[in-house]
2 protein chains.
Amino acid sequence: MAYLYDMTHQEAKAKLIEAWGNLGSNWGISRTAAQIHALLMVSAKALTTDDIMEELLISRGNASMSLKTLMEWGVVKKQFVPGQRKEYYTSEKDVWSLATQIAKERQRRELTPTIEALKAVQEVEGESSDIKEFNKMTKNLLKFAKQSDTVLSLFVKAESNKFLNRLIKLLK
Amino acid sequence: MAYLYDMTHQEAKAKLIEAWGNLGSNWGISRTAAQIHALLMVSAKALTTDDIMEELLISRGNASMSLKTLMEWGVVKKQFVPGQRKEYYTSEKDVWSLATQIAKERQRRELTPTIEALKAVQEVEGESSDIKEFNKMTKNLLKFAKQSDTVLSLFVKAESNKFLNRLIKLLK
DNA sequence: CTATATTTTCAATAATTATTGAAAATATAG
DNA sequence: CTATATTTTCAATAATTATTGAAAATATAG
């Protein structure tokens, strides 16, 4: 497995996995789950739970739970391999649908509940300066949250590449 | 302090603080810090550490540390009040500069290091299918990260309201 | 259906992160 | 400068989250 020129590949892979793990832990996904995601992204073939355990030195339970989370996020899928008893896992490889999928999940998990909460606290009765400030602020926050929601929806619906590319050119 | 009609205000405030705390804990900011931020956002006047401790029932140390974090994020500022020994704190009230500020911080903390890591692992030597897949994937990830970076920069530079409003109209 | 491989669940534990509260540091009044 | 108010730091502790590993559940071969 360890060719001479392969060392660089192994090192680069380790670095990527580390970086992705760090990013993930800033995003509410566990470090291990993010690392599994990175590993699957850069693997040409689908991997089994055992492959993952071996490469990342994690327990079976951890691998199982993390894969479950990643599948809930919609970024990892089981792949059917004929004649094989074990399950094989792969990641979405198209970076744009990956981003779309993540945006969709965040919208569902964060934006939607926040919008609901903001709606619930709109327009409190009263004349004190604190109440006026409260109403002004929650109104603006709701407006902003709704706009973000619209933008995200557009992003999720627009199919991939072309959309943001055009957008970037438009604004440069 | 507790007028009859004020109950609704207190309840609404509590709800907002709770919702913001939840949101914050999905964003790598501590629950308490996010709650302090919410409290300051909807207060007409600047508050002291003691006001905050009393309202949120937290310790002095916690209040001090959380305010420090919020100031690092650039969303809370000290306000000078003449003739007062205590420090007064306020939050940025303009929702758009708030969003801009947060975008800027996330760019600095997450996007920039990720881009650096991706650059470091580009173009590994070798012919195996795994190496080819690795190179393809990291290339696409870097491209995507750079594009995101550009978009965020534009967002941060463009001054508030007008920018996104026009954008939304443009894409609807 | 039985034997075996494989995956999932979950209580126990480890690791990490948040919080307290008091001591130390700093700032201000006089 | 001294006395006092105020803020910050930080070790100890609490709370939360991640991880393990083995038992239970499920799936497949034959």
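Every chain is numbered from 1, with letters handed out A, B, ... down the list of sequences.
Nearest-nucleotide positions on DNA chain D place B:Tyr88 closer to the 5' end than the other of A:Thr32 and B:Tyr88. Ranked by how close their nearest DNA chain C nucleotide is to the 5' end, A:Gly61 and A:Lys86 are led by A:Lys86. Along DNA chain C, the nucleotide closest to A:Arg31 and the one closest to A:Met65 are compared, and the more 5′ of them pairs with A:Met65. Taking for each of A:Gly83 and A:Ser30 the nucleotide of DNA chain D with the nearest heavy atom, the 5'-most of the two is the partner of A:Ser30.
Among the candidates B:Val76, B:Ile29, B:Ile52, B:Ile36, the single residue satisfying the side chain to side chain contact (heavy atoms under 4.5 Å, CB included) test with B:Ser66 is B:Ile36.
The nucleotide D:dA15 finds its pairing partner in C:dT16, both defining distances of the Watson-Crick or G-U wobble pair being shorter than 3.5 Å. Base pairing analysis places D:dA3 opposite C:dT28; the two distances defining the Watson-Crick or G-U wobble pair are each below 3.5 Å. The base-pairing partner of D:dA22, taking Watson-Crick or G-U wobble contacts with both distances under 3.5 Å, is C:dT9.
Taking atom CD of A:Gln84 as the reference point, atom P of D:dT28 lies 13 Å away to the nearest angstrom. When the P atom of D:dA22 is taken as reference, atom CE of A:Met53 falls 12 Å away, rounded to whole Å. If you take CD of A:Glu87 and P of D:dT28, they are 7 Å apart, rounded to a whole angstrom. Counting to the nearest Å, the C1' atom of C:dT17 and the CH2 atom of B:Trp27 are 20 Å from each other. Per the geometry, CG belonging to B:Leu67 stands 13 Å off P belonging to C:dT19, to the nearest Å. We find that CG of A:Asn62 is positioned 15 Å from P of C:dT7, with the value rounded to whole Å. Taking atom CZ of A:Phe80 as the reference point, atom P of D:dA27 lies 14 Å away to the nearest angstrom. In this structure, B:Ile58 places its CD1 atom 13 Å from C1' of C:dG21, rounding to the nearest Å.
Contact annotation for B:Ser64: base contact, defined as any heavy-atom pair under 4.0 Å involving a base atom. B:Arg60 comes within 4.0 angstrom of a nucleotide base, judged by non-hydrogen atoms across all strands. Across all strands, B:Thr48 comes closer than 4.0 Å to no nucleic acid atom at all (heavy-atom distances).
For B:Lys93, the NZ atom is densely surrounded, since the number of other residues' heavy atoms within 6.0 Å is greater than 12.
In this structure, the nucleotide among D:dA29, C:dT7, D:dT6 sitting nearest to the side chain of B:Arg85 is D:dT6. Of the candidate nucleotides C:dT7, D:dT7, D:dT19, C:dT7 has the atom lying nearest to any side-chain atom of A:Asp50.
Side-chain N/O atoms of B:Lys78 include none lying less than 4.0 angstrom from OP1 or OP2 on D:dT7.
Both the sub-6.0 Å distance and the 45° axial angle are satisfied by A:Arg109 relative to the ring of A:Trp73.
Using cut-offs of 30° and 60° for the angle between ring planes, the B:His37 and B:Trp20 rings count as tilted.
Between B:Lys86 and B:Thr49 there is no side-chain heavy-atom pair separated by less than 4.5 Å.
The two residues A:Gly21 and A:Ala34 make their nearest non-hydrogen contact at CA-CB, 3.9 Å.
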